[in-house]
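What follows is a single structure, written as C-alpha cells, with notes after it.
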Amino acid sequence: MDPKPYEPYVPADTRMKEFTLRAVLLGVVMAVILGAANAYIGMVAGLTIAATFPAAVVAMAMLRPMGGSILEENVARTTASVGEALVAGAIFTIPAFVIAGVWESVNIGLSVVIMLIGGMLGVFFVIILRRTLVEDAGLPFPESVAAGEIHKAGQKGATGGRYLVIAGLTAAFLEVIRNASGIRVLLRNMTGFWSWGQARVAGGNLPEAYTGGIYLSTPSASPALLGVGYIIGPRLAAVVFAGGVLGWWCLAPVMGFVNRDLVALATDPTWCEANQAAAPCWAAVAQNVVWQTMVRPLAVGTMVVGAFWTLWSMRKSLLTGMGRVLADVKQVKGVQADNRLEQDLRYRWVVFGILGLLVPIWVLYYYFSESFGGSFVAAVVMVVAGILFAAVAGYLVGVIGSSNNPISGLTLTTLILAALLMVAIGLTGDQGVMAVLGVAAVVCCAMGIAGDMMQDLKVGHILGGTPSSMQKGELIAVVFAAPALGVALWLLGRAYGFAGAPGADPSLALPAPQAGLMALVSQGIVGGEMVWPLFLAGMLFGLMLILVRAPSPMLVAVGMYLPIYSTFAIFVGGVFKWIIDRILMAKKYPDHAMERASNTGILVASGFVAGEALMGVIIAGLIVANITLPTIVSNPLVQGLLGLLVFPLVLWFFYRYSNADAKAASR
C-alpha cells in the first residue's frame with residue numbers, strides 16, 4: 001500500500017497572499033534587529049539564540065491586524081531568520097581578524113562582502129538540496145515542527161507577542177542602568193579575591209614561599225544571560241558553568257600558585273594602577289594575566305579537540321548528509337514544477353549565481369593573500385568545503401535543530417585545512433592569516449544560512465508555503481542585512497573591543513570565544529604564534545574529557561574561555577528553568593499546559609536576550625559618538641547590592657507568565 005500523501009496546513013490548490021511587500025519588509029527589518037541582537041549576545045555568551053520563534057511571534061502580531069495570511073507570516077519569519085543565521089557565521093570569524101592583529105578594527109566593507117558572498121552561496125546551495133532534505137520523512141526537524149505549531153496556534157488567537165515586548169523593554173531598561181557606559185545604577189557583578197596567604201611546597205630545593213588565591217565574582221546581573229541559561233536548560237547550563245569553575249577556580253589558582261613571579265607583578269604599584277587597581281592587585285593579576293594569557297590558550301586546545309570530537313560523534317550523520325548531497329546533485333532537473341509546493345527558483349539561475357560569485361571570491365582572496373597561488377587555493381578550499389559543509393549543516397538541522405548545529409566545529413575544520421595548505425605553498429605571515437580567516441568566514445556564513453534556510457523551508461513545507469517565495473525572501477534579506485550587520489560589528493568592536501585583541505580593555509571587551517579560537521589557531525599554524533605548551537595541554541585535557549565521557553567537551557572549553565560572571569549567570573538561568581518546571585509540576589498541570597508554559601518561558605527569555613542585546617548595540621553607538629551618560633549611583637557596594645535585585649525580578653517574570661499560561665491552558 002502506498003503511503004498517504006503529505007498534506008500541509010494550507011493545501012497546494014489554495015491561493016492566498018504570500019510574497020507581499022509588507023511581509024518582506026517586516027522580515028528585513030526583523031532580520032537587521034535580531035541579527036544585531038545576536039551579534040552582541042553571541043560574542044558575550046558564545047551562543048546565538050534561534051530567531052525562528054521570536055520572528056514567528058512578531059510576524060503574527062504585526063501582520064494579523066492588517067489581515068495578513070499565515071503564508072505571509074511564514075515569508076516574514078523566513079526572511080527575518082536570515083539576520084541571526086548570517087551574524088552567527090560572522091561573529092565566529094570576522095572578529096578574529098581584529099584579534100589576530102591583521103585588522104586594526106572591523107573593516108565594514110570587507111565584512112559586508114564576506115557576508116554577502118557566504119550568505120548568497122548558502123541560499124543557492126540549499127535550493128539544490130531542498131527536495132531531498134526537506135521532504136525526507138526520516139528527518140525530525142524538531143525546531144521546524146515547533147515553529148509550525150506556533151503559527152498554527154496563532155490562527156486560534158494565541159501569539160505571545162506581549163511577552164516578547166514586556167521582557168524586551170524590561171531588559172533594555174536594566175541594560176541602560178547597568179552598562180558601564182550607561183546611566184550607572186547597577187553593577188554588572190561584584191568581584192573579590194580570596195587570598196590563601198603563604199604556603200610551602202616540600203621537596204628538593206624548591207622555594208619555600210608560595211602564595212595566590214581565588215578570583216571571586218557574583219553572576220552577571222544580566223537578564224540576557226539568564227535568558228540564555230533558561231533556553232538551553234539546566235543540564236547544558238551546568239556543563240558551561242563547569243568549564244568556568246574549572247578555568248577560574250581550579251586552573252587559574254594553580255597557575256598563579258606555581259608562578260612565583262606574579263608576586264612582583266601583584267605588588268607593583270605602576271602595573272596595578274595601569275589596571276585600575278590598588279596594590280596588591282591579585283584580582284587584576286588573576287583576571288588580566290593568569291586567565292587571559294594562560295587559561296585561555298589552554299581552553300583553545302580543548303575547544304579544538306571538542307570540535308573534532310563533535311564532528312566524529314556525528315560522523316554517520318555527516319557521511320549520510322554528504323552521500324545525499326552527491327545523489328541529489330545527480331538528480332537535479334531544471335524543470336519548473338506545476339505544483340505550487342514544489343516550485344523553487346529556477347536551477348539555471350542558481351547555477352549562474354554560484355558561478356558568478358566565483359569572481360568576487362577569487363578577488364577577495366587575492367586581496368587578502370596578495371598571491372595568485374594563495375588566492376586560487378583559498379577559493380578551491382572555500383567552494384569545496386562550502387558546498388559539502390553547507391549541505392551537512394542543512395542535514396544536521398533536520399536532525400538536531402539549528403540551535404545545536406555545530407558550525408563552529410565545521411568552520412574550524414575548514415580553517416585548519418586551509419592553514420595547512422597555505423603553509424604548504426609557502427604563504428605565511430599576515431597575508432596567510434587573512435586568507436585562512438577569509439576562507440573560514442565565507443564558509444561559516446554559508447553554513448549558518450544553509451542550516452537556517454533548511455529549517456525555514458521545512459516550516460514552510462509543514463504550513464504549505466511556496467519554496468520559491470521563501471527563497472526570494474532569504475536572498476533579499478541577505479542583501480539588505482549584510483550592510484547593517486557589518487556596521488553593527490564595527491560599532492561593537494569600536495565601542496567594546498574583542499577579548500585578546502591588541503589594545504582591548506579586558507574589563508569591557510566582548511569575549512567572542514569562537515572568534516578567539518579561530519584567531520589563535522590561524523596564528524598558530526600560519527603565523528607561528530601559538531603558545532604550544534598550553535595549547536597541547538588543553539588538547540590532552542580535551543582527550544581526558546572524552547575518555548571519561550564528559551558531556552560536550554566543546555561547551556566545557558567555551559566555559560573555560562568565557563568570563564566567570566557570564567557562565568555563572570547562564571548557570572543561574574538554567575537553575576531558574578529547573579525551579580519553574582518543578583513548581584509547575586507540583587501544581588499537576590496537564591501535559592499540554594506544561595508545553596504551553598515552556599513555550600511562554602522561551603518567549604520571555606528571548607525577549608530578555610533581544611532587549612538587552614539591542615540596548616547594548618545602541619549604547620555602543622553612543623560610545624562611538626562620544627556621548628556620555630550621567631552616573632546616578634557611584635558607590636560600588638550600593639551598585640552591586642542593587643544589581644542582585646535583578647535575579648529575583650527575572651525569576652518572577654518567568655514564573656508569573658509561565659504559570660499564567662499553564663493555568664489558562666488547563667481550563
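Small disclaimer: the values here were computed from a predicted structure and weren't measured.
- Scanning for ring pair (Phe, Tyr, Trp, His ring centres under 6.0 Å) contacts around Tyr366 gives Trp362, with sequence neighbours left out.
- In terms of the side chain to side chain contact (heavy atoms under 4.5 Å, CB included) criterion, residue partners of Val624 (sequence neighbours excluded) are, by chain and number, Trp490, Leu491, Arg494, Ala495.
- Between Tyr40 and Ala613, the closest heavy-atom pair is CD2-CA, 3.5 Å.
- Residues Leu34 and Ala55 share a closest heavy-atom pair of CD1-CB, 4.1 Å.
- In this structure, OG1 in Thr567 is found 11.5 Å from CG in Leu555, a value given to the nearest 0.5 Å.
- Side chains of Met615 and Ile618 form a contact here, defined as non-hydrogen atoms less than 4.5 Å apart.
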**Prompt:** Would Met518 and Val436 count as a side chain to side chain contact (heavy atoms under 4.5 Å, CB included) if you check the C-alpha gap in whole Å, the side-chain angles of each, and the deciding distance to 0.1 Å?
**Reply:** CA-CA 9 Å; Met518 305 299 171; Val436 168; over 6 Å; no

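- Within a 6.0 Å radius of CZ in Phe480, other residues, nucleotides and ligands contribute 12 heavy atoms or fewer.
- Counting heavy atoms from C-beta outward, Thr79 and Ile476 have side chains that stay 4.5 Å or more apart.
- Between Ile449 and Gly119 the shortest heavy-atom distance is CG2-O, 3.5 Å.
- In this structure, Met115 and Leu86 approach most closely via the heavy-atom pair O-CD1, 3.5 Å.
- Within the 4.5 Å cutoff, no side-chain heavy atoms of Met43 are placed close to those of Pro511.
- The closest side-chain heavy-atom distance from Ser181 to Leu622 is not below 4.5 Å.
- Of all heavy-atom pairs spanning Ala90 and Cys445, the tightest one is N-SG, 3.8 Å.
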**Item:** Phe608 and Leu226: CA distance, side-chain angles, deciding distance, side chain to side chain contact (heavy atoms under 4.5 Å, CB included) verdict
**Value:** CA-CA 8 Å; Phe608 283 145; Leu226 295 172; over 6 Å; no

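- Distance alone, capped at 3.5 Å, places no donor-acceptor pair between the Ser468 side chain and the Leu345 backbone.
- Atom CG of residue Leu614 and atom CD1 of residue Ile41 lie 10.5 Å apart, to the nearest 0.5 angstrom.
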**Request:** In sequence, state the C-alpha distance, the side-chain angles, and the governing distance for Val240 and Leu236, and then conclude on side chain to side chain contact (heavy atoms under 4.5 Å, CB included).
**Result:** CA-CA 6 Å; Val240 175; Leu236 290 181; 5.6 Å; no

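- For the pair Asn74 and Met470, the minimum side-chain heavy-atom distance is below 4.5 Å.
- In this structure the side chain of Leu437 never reaches within 4.5 angstrom of the side chain of Thr93, judged on heavy atoms.
- Between Ile127 and Val123, some side-chain heavy-atom pair lies under the 4.5 Å cut-off.
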**Request:** Give the C-alpha distance, both sets of side-chain angles, the deciding distance and a yes or no for side chain to side chain contact (heavy atoms under 4.5 Å, CB included) between Met30 and Leu26.
**Result:** CA-CA 6 Å; Met30 286 196 292; Leu26 175 61; 3.9 Å; yes

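- Between the side chain of Ser81 and the main chain of Arg77, a donor-acceptor pair closer than 3.5 Å is present.
- In this structure, Tyr365 contributes its side chain and Phe372 its backbone to no donor-acceptor pair below 3.5 Å.
- If you check the side chains of Glu612 and Ser222, you find a donor sitting under 3.5 Å from an acceptor.
- Counting heavy-atom neighbours within 6.0 Å of Phe173 CZ, excluding the residue itself, gives a total of 12 or less.
- Atom CD1 of Ile108 and atom CG of Leu485 lie 12.0 Å apart (nearest 0.5 Å).
- Side-chain atoms of Asn179 never come within 3.5 Å of backbone atoms of Glu175 as a donor-acceptor pair (strictly under, hydrogens ignored).
- The ring pair (Phe, Tyr, Trp, His ring centres under 6.0 Å) test applied to Phe368 returns Phe97, not counting sequence neighbours.
- When side chains are defined from C-beta on, Gln471 counts as touching Leu457, because their heavy atoms get closer than 4.5 Å.
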